[in-house]
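I have placed the structure first, in the form of structure tokens, so that the comments after it can refer back to it.
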Amino acid sequence: MSTWKEDLGTSNEAFSLMQSIFANVSDAILVIDHEGRIVKANAALAQMSGWTEEELVREKHICELCLGMATCTEETSCTDCFFKRVQMPSFEMRLRTKDGHEHPVAASSARLPDDSSGKLVMILRDMSAQQRVEKERYQHKLTHFAIQAQEEERKRIARELHDGVGQALYSILVGLNVVRQGNPGEQVMQHVTELVNMTSKAMEEVKRMALELRPSALDDLGLLPALRSLMKRVEKTFHIQVELHVQGEKRRYSAAMETALYRIVQEAMTNTAKYAQASQLAIMFENREKEVVVTIVDDGIGFEVEKTLSVGKGLGVFGMKERAQLLGGTVDIRSAPQEGTTVIVRVPLPKEGILDDHSRADR
Ligand SMILES: Nc1ncnc2c1ncn2[C@@H]1O[C@H](COP(=O)(O)OP(=O)(O)OP(=O)(O)O)[C@@H](O)[C@H]1O
Ligand SMILES: [Mg+2]
């Protein structure tokens with residue numbers, strides 16, 4: 001094995017190699033003297049902090065750059081912190097930049113053994129990008145759990161409404177019919193008939209609410225039958241003519257995918273019903289080899305997409321996008337005043353193809 005000396009050649013060559021490394025590495029390197037003044041700084045530190053190398057070396061003390069270290073909580077001053085704990089091989093630090101921002105950095109420090117002046121070498125690595133990625137990953141997970149919990153809760157409430165309130169109302173209806181058959185007086189009969197009507201209406205309302213919360217067709221029969229029954233409800237309630245066109249082989253997708261697509265179409269249809277003043281709505285459902293594309297088109301009054309969504313009052317479109325993103329897909333909304341609205345949903349199919357696990361919790 002060759003030695004450093006052999007590799008580096010003459011001391012001049014070694015010096016220029018060291019200088020080049022110092023100048024070109026992407027990690028920031030700085031040397032501080034025994035009082036904490038910066039005596040050497042490389043270009044990476046200048047880039048990270050916003051101060052020039054000259055400014056750093058001429059004017060800066062390490063404590064002007066350090067906004068705090070995770071490992072240093074008890075010391076009273078920054079200088080104490082650095083110089084009493086210099087043996088820390090690695091630590092996290094918040095680096096202050098010239099424009100007043102801060103960067104999370106991973107730092108390591110070392111004393112040079114043959115330097116009697118007590119200089120400390122520090123290496124800093126900017127962790128902003130990694131932290132951003134981690135934060136996004138965490139938020140992604142959080143959204144996934146929130147949506148999953150919401151679906152579970154909707155399912156539970158729908159079941160309770162159907163089995164609890166629905167059954168109780170049905171028993172009342174049966175009881176009232178028994179009273180009616182007993183030929184009570186005219187006045188009582190009138191009351192009972194009113195109660196029968198009210199109870200029937202309440203039963204219908206409970207059924208509608210349970211269906212909206214979680215249609216059992218989605219679990220039992222799949223996405224397309226559930227969408228068909230949603231379309232019928234929209235047609236009946238809002239007097240909009242709804243068409244569904246299906247292209248490609250009809251099949252079942254994963255529970256998570258069917259639920260997400262159902263909720264996205266449901267929100268798009270609700271928005272059409274609420275705002276579009278549309279008379280027609282068409283849903284194109286394309287089963288492609290590698291993705292599912294659902295296009296929802298209305299002939300309503302349209303809206304200025306960017307302007308409206310940047311105000312961010314509603315959560316519907318945001319939720320549609322989140323649901324699609326969780327499956328690696330997208331939701332694209334195209335609209336303009338007086339030109340109707342088109343919502344295009346694309347969700348890639350997982351590599352293993354069709355999943356028939358329809359009992360998972362994220363339904
Ligand atoms: N099909 C459509 N036609 C006309 N305007 C629409 C349509 N879809 C959405 N919009 C407009 O976009 C806005 C944002 O929709 P979004 O679904 O995000 O929120 P919301 O429906 O107002 O509230 P939420 O969905 O949270 O109940 C709506 O308020 C409406 O102005
Ligand atoms: Mg909405």
Side-chain angles (χ1 to χ4, degrees), residues 99-102 128-129 131-154 157 208-209 211-215 227 230-231 233-235 237-243 256-285 291-348 362:
D99 58 10
H101 288 102
E102 68 176 70
S128 318
Q131 284 202 358
R132 207 170 31 248
V133 169
E134 257 167 44
K135 203 170 157 195
E136 276 170 14
R137 202 175 293 149
Y138 177 71
Q139 272 170 348
H140 203 66
K141 254 193 192 165
L142 216 61
T143 313
H144 174 74
F145 286 129
I147 287 178
Q148 209 173 321
Q150 190 191 41
E151 284 302 331
E152 278 302 303
E153 190 62 0
R154 284 180 175 179
I157 298 171
R208 189 190 58 77
M209 282 164 69
L211 268 175
E212 255 165 40
L213 277 164
R214 179 80 205 177
L227 282 181
L230 173 65
M231 283 165 51
R233 290 202 302 280
V234 168
E235 277 192 316
T237 319
F238 301 103
H239 309 291
I240 301 173
Q241 196 187 326
V242 190
E243 286 173 13
M257 190 156 159
E258 290 196 343
T259 300
L261 287 171
Y262 180 84
R263 293 295 183 206
I264 293 170
V265 176
Q266 186 181 34
E267 176 59 27
M269 284 173 90
T270 307
N271 279 350
T272 294
K274 267 162 64 178
Y275 312 110
Q277 299 166 30
S279 58
Q280 288 188 330
L281 193 150
I283 304 169
M284 264 77 77
F285 195 98
E291 63 178 355
V292 173
V293 181
V294 188
T295 311
I296 305 118
V297 188
D298 74 42
D299 65 349
I301 57 169
F303 68 110
E304 287 184 60
V305 182
E306 264 184 42
K307 202 170 142 196
T308 311
L309 297 183
S310 64
V311 182
K313 275 199 226 143
L315 287 175
V317 170
F318 177 75
M320 283 158 88
K321 293 191 175 202
E322 290 266 304
R323 282 190 186 266
Q325 268 165 20
L326 283 175
L327 297 168
T330 55
V331 171
D332 184 19
I333 300 180
R334 295 174 193 173
S335 186
Q338 309 313 323
E339 292 196 7
T341 300
T342 302
V343 177
I344 303 165
V345 189
R346 288 173 184 277
V347 178
D362 52 351

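Along the sequence shown, residues carry numbers from 1.
- Residues satisfying the side chain to side chain contact (heavy atoms under 4.5 Å, CB included) test with F238, not counting sequence neighbours, are V234, I240, A273.
- What you find for Q266 and L230 is that their closest heavy atoms are CA-CD2, 3.8 Å.
- To the nearest 0.5 Å, atoms CD (E212) and OG1 (T270) are separated by 7.0 Å.
- Here the CD1 atom belonging to I301 is positioned 4.5 Å from the CD atom belonging to Q277, to the nearest 0.5 angstrom.
- Summarising the geometry of V331 relative to M320, their closest heavy-atom pair is CG2-O, 3.6 Å, with the distance given to 0.1 Å.
- Between R263 and L213, the shortest heavy-atom distance links the atoms NH2-O, 2.6 Å.
- Between T259 and R214 there is a side-chain heavy-atom pair separated by less than 4.5 Å.
- Remark: E134 engages no residue in a salt bridge (charged side-chain N to carboxylate O under 4.0 Å, His left out) (not counting sequence neighbours).
- Within the structure, the salt bridge (charged side-chain N to carboxylate O under 4.0 Å, His left out) test picks out the following pairs touching residues 327-339 (sequence neighbours left out): D332-R334.
- The main-chain N or O of G302 is never found under 3.5 Å from a side-chain atom of S335 such that the two would form a donor-acceptor pair.
- For M209, the CE atom is loosely surrounded, since the number of other residues' heavy atoms within 6.0 Å does not exceed 12.
- Here the shortest heavy-atom pairing between L211 and R233 reads CD1-NH1, 3.7 Å.
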Criterion side chain to side chain contact (heavy atoms under 4.5 Å, CB included) on D298 and Y275, from CA distance to verdict: CA-CA 11 Å; D298 74 42; Y275 312 110; over 6 Å; no
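- Residues that satisfy the side chain to side chain donor-acceptor pair (under 3.5 Å) test with T330, not counting sequence neighbours, are absent from this structure.
- Looking at E235, its side chain does come within 3.5 Å of a backbone N or O of V242 through a donor-acceptor pair.
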Derivation and outcome, side chain to side chain contact (heavy atoms under 4.5 Å, CB included), residues I296 and V345: CA-CA 8 Å; I296 305 118; V345 189; 4.2 Å; yes
Side chain to side chain contact (heavy atoms under 4.5 Å, CB included) between L227 and L261, intermediate numbers included: CA-CA 10 Å; L227 282 181; L261 287 171; over 6 Å; no
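- Scanning all heavy atoms of the two residues, the minimum distance from L326 to H144 falls at CD1-CA, 3.7 Å.
- When the side chain to side chain donor-acceptor pair (under 3.5 Å) test is applied to Q139, no partner is found at least two apart in sequence or on another chain.
- Separation of atoms CD (E291) and CG (L327) is listed at 13.0 Å; rounding is to 0.5 Å.
- Of the inter-residue distances, the one linking T272 atom OG1 with I283 atom CD1 reads 9.0 Å to the nearest 0.5 angstrom.
- Between H140 and Q325, the closest heavy-atom pair is CE1-O, 3.9 Å.
- With respect to R323, the salt bridge (charged side-chain N to carboxylate O under 4.0 Å, His left out) criterion is satisfied by exactly one of E258, E151, E267: E151.
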Check residues 304-312 and write down every donor-acceptor pair under 3.5 Å in which the side-chain atom is one partner and the other belongs to a residue at least two apart or another chain.
unit_1, atom_1, unit_2, atom_2, d
T308, OG1, E304, O, 2.5
S310, OG, E306, O, 3.1
S310, OG, K307, O, 2.9

